[in-house]
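Input: a single structure, listed below in C-alpha cells.
Remember, it's a predicted structure, so these values are computed and weren't measured experimentally. Hydrogens, waters and symmetry mates are skipped; everything else that's a heavy atom, side chains included, is used.
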Amino acid sequence: MNQETLAFIEANAGADVRRLALQSGKHPGVDMPFALDQIAGRQAARRKLPSWAAVDGLVYPPHLSMEQCSGEAAARYKAGVARRLCGGGRLVDITGGFGVDFAFMARGFAEATYVERQERLCAVARHNLPLLGLPGAEVVCADGADYLAAMEPADLIYADPARRDAAGGRTYAIGDCTPDVAALRPVLLLKGRWVMVKLSPMLDWHKAVADMGGAVREVHIVSVGGECKELLLVMGQGEGGPAMHCVNDGEDFCYEEPLSGSPRWGEGLGKAELPGLVGMRLYEPNASVMKAGCFGLLERRFGVRALGAGSHLFASPEAAAGFPGRAFVVERAATMNKRGLRDALQGIGKANVAVRNFPLTVAELRRRLKIGEGGGVYIFATTLADRTHVLLVCSKVS
C-alpha cells in the first residue's frame, strides 16, 4: 500500500464508497479497489466488529468476506462455547475466511491453526492476527478438506462452510456448501475431539441434526438484536443429546428434549378465549426460541398457554419469571368487527403492530385500522384456537 493510497483511505474514512468509486479517474496514484475495500470494511467493522474497528492498522477483505463473517457478539459466544468444551488445547479452523471466529476462539487455546485456501485472505490473516494479540497463531494456505485429511488430531475443529455456489448465488443445504461437512463428518470426528460447525439460520435444525448422522451433541441457535444469525452444531464422539441452546443477545435458554414426539402446543393447559385475555400477561418468544419451535416446553415450564396453534403467542394470568422473550399486558381485546375495533382503538393514533397467524400483513392492517407507526402501544393481531381473528392492544412490561 503506497502512501497516496493510505492518505486517501484516511481522508475518506466516512465517505460513501459508491460515490468514491465513480471518482477513481481523479486519483491515478491510488490503488482504488484496495482503498474502497478498506473504507467499506472499516465502516462495516464499526457496526459489526467494534473492538476490531478500534485497532489501528487492520486490513479488511473484499465485501463478500465482510458480509459473510460473524459479528462480534456471535463470535464471542462461540468463543465461550469453545472454552467450555476444550479450552487450552489445540484449535484448527479449516475455513478461516476473514478470521473473526478464529481470532476470538484462538485466545482460549494454547495452539491455534487458521486454514484458508485463498492466499489473499491468508495474507490478511498474517497481517491482522499479531495486531489482534495472536502472534503465535499459525496461518496455512490450503484447502480445508485436504488439510483435515492430513492433520494431526485437535481438541476442536471449527468449520464455517461457504454458502455460495460457483455462480455466487446463495446456498443453504449442507450438501451445497463448501466444504460439505456432512460428507466430511467421519474424518472430522476422527481428527477432532469436538467439532463445531456454523450453518445458515435458514436451515431446519432437525434436518441438519439428522444429516450429521447422530453425532450432534449440542444445537445452538444464536440471535442478536432480535434476528436469528447462526445455527451452530457441536459434534463429538459418544452418545446423548442433543442439548438445545436458544441464545438471544447472550442469554441462553437451554433444554434437552427428544427430537421426536415433542408435545403439541396447548397440551393439557386449555385454550385462551377472548373475554379472559384482558389484564393477562402476553408473551412473545425471542427469535431463537421461535426457530427452535419448543412451544410445548414453554407451556410446561412457565405455565403459560398458547393463544392458537400457529400464533406463537402465550398468555398467563401471572408473571412468568424467566420467560425467554418479551412480555406485555393486554389492556384491550377485540374481534375484527367495526364496533369492537372502534372501542379497542379509541384514542390510539399510532402503535407498534405485529401479526401472528393472521390473514392480513402488517401494512394491510395498518391501512385498515388507519394507525401510524411507533409509540408506546403494541398491537398483536392473531388467531385464537377457535379460529377467531382478534386484536390485542398491549403495553410492554419493562
Any donor-acceptor N/O pair, [X] side chain to [Y] backbone, under 3.5 Å:
{"X": "Lys291", "Y": "Cys228", "result": "no"}
{"X": "Asn352", "Y": "Val377", "result": "yes"}
{"X": "Asn128", "Y": "Val59", "result": "yes"}
{"X": "Asp143", "Y": "Arg117", "result": "no"}
{"X": "Arg366", "Y": "Ala351", "result": "yes"}
{"X": "Thr95", "Y": "Asp160", "result": "yes"}
{"X": "Asn286", "Y": "Gly226", "result": "no"}
{"X": "Gln38", "Y": "Ile9", "result": "no"}
{"X": "Asn2", "Y": "Gly29", "result": "yes"}
{"X": "Glu299", "Y": "Ala306", "result": "yes"}

Let me confirm one number: the [atom1]-[atom2] distance from [X] to [Y], rounded to the nearest 0.5 Å.
{"X": "Gln237", "Y": "Arg217", "atom1": "CD", "atom2": "CZ", "result": "8.0 Å"}
{"X": "Arg83", "Y": "Leu85", "atom1": "CZ", "atom2": "CG", "result": "11.0 Å"}
{"X": "Asn12", "Y": "Gln43", "atom1": "CG", "atom2": "CD", "result": "9.5 Å"}
{"X": "Cys122", "Y": "Glu116", "atom1": "SG", "atom2": "CD", "result": "5.5 Å"}
{"X": "Leu91", "Y": "Thr113", "atom1": "CG", "atom2": "OG1", "result": "7.5 Å"}
{"X": "Tyr77", "Y": "Phe104", "atom1": "OH", "atom2": "CZ", "result": "16.0 Å"}

| query | What's the verdict on side-chain contact (heavy atoms from CB on, under 4.5 Å) for Leu341 and Lys338, showing C-alpha distance, side-chain angles and the deciding distance? | reply | CA-CA 5 Å; Leu341 288 177; Lys338 290 185 178 180; 5.8 Å; no
What do you reckon, is [atom1] of [X] surrounded by more than 12 foreign heavy atoms closer than 6.0 Å?
{"X": "Arg19", "atom1": "CZ", "value": "yes"}
{"X": "Glu251", "atom1": "CD", "value": "no"}
{"X": "Glu373", "atom1": "CD", "value": "no"}
{"X": "Arg368", "atom1": "CZ", "value": "no"}

Group every Ile, Leu, Val, Met, Phe, Trp and Tyr by side-chain heavy-atom contacts under 4.5 Å, then state whether [X] and [Y] land in the same group.
{"X": "Leu231", "Y": "Val181", "answer": "yes"}
{"X": "Leu190", "Y": "Val195", "answer": "no"}
{"X": "Val17", "Y": "Phe8", "answer": "yes"}
{"X": "Leu156", "Y": "Leu188", "answer": "no"}
{"X": "Leu189", "Y": "Leu199", "answer": "yes"}

How about [X] and [Y]: do any of their side-chain heavy atoms sit closer than 4.5 Å?
{"X": "Trp205", "Y": "Val216", "value": "no"}
{"X": "Leu282", "Y": "Leu307", "value": "yes"}
{"X": "Tyr255", "Y": "Cys246", "value": "yes"}
{"X": "Val330", "Y": "Phe380", "value": "no"}
{"X": "Pro324", "Y": "Leu298", "value": "yes"}
{"X": "Phe98", "Y": "Tyr60", "value": "yes"}
{"X": "Leu148", "Y": "Val92", "value": "no"}
{"X": "Pro201", "Y": "Lys229", "value": "no"}

Compare every heavy atom of [Y] with every heavy atom of [X], then report the nearest pair and how far apart it is.
{"X": "Phe295", "Y": "Val289", "result": "CE2-O, 4.3 Å"}
{"X": "Arg332", "Y": "Asp343", "result": "NH1-O, 3.7 Å"}
{"X": "Pro285", "Y": "Phe314", "result": "CG-CE1, 3.7 Å"}
{"X": "Met105", "Y": "Ala79", "result": "CG-CA, 3.7 Å"}
{"X": "Cys86", "Y": "Phe109", "result": "O-CE2, 3.4 Å"}
{"X": "Arg301", "Y": "Cys254", "result": "NH1-O, 3.5 Å"}

| query | Among Ser288, Ser70, Ser200, which one satisfies side-chain hydrogen bond (donor to acceptor under 3.5 Å, both in side chains) with Glu230? | reply |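 The passing option is Ser70.
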Answer yes or no: is there an ion pair linking [X] with [Y], defined by an N-O contact shorter than 4.0 Å?
{"X": "Arg120", "Y": "Asp37", "result": "yes"}
{"X": "Lys48", "Y": "Glu67", "result": "no"}
{"X": "Arg90", "Y": "Asp155", "result": "no"}
{"X": "Glu284", "Y": "Arg356", "result": "yes"}

| task | Would you please test Met336 and Leu365 for side-chain contact (heavy atoms from CB on, under 4.5 Å) and show each step? | result | CA-CA 11 Å; Met336 293 300 291; Leu365 185 59; 4.1 Å; yes
| Given the rule in the side-chain contact (heavy atoms from CB on, under 4.5 Å) test, do Arg326 and Cys394 qualify, once you have shown the distances and angles that lead to the verdict? | CA-CA 12 Å; Arg326 298 193 299 174; Cys394 306; over 6 Å; no
| Centroid-centroid distance, Tyr283 to Phe302, less than 6.0 Å |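 No, the ring of Tyr283 stays outside the 6.0 Å limit from the ring of Phe302, centre to centre.
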| field | Verdict with reasoning, Met212 to Ile174, per side-chain contact (heavy atoms from CB on, under 4.5 Å) | value | CA-CA 10 Å; Met212 293 304 182; Ile174 294 175; 4.1 Å; yes
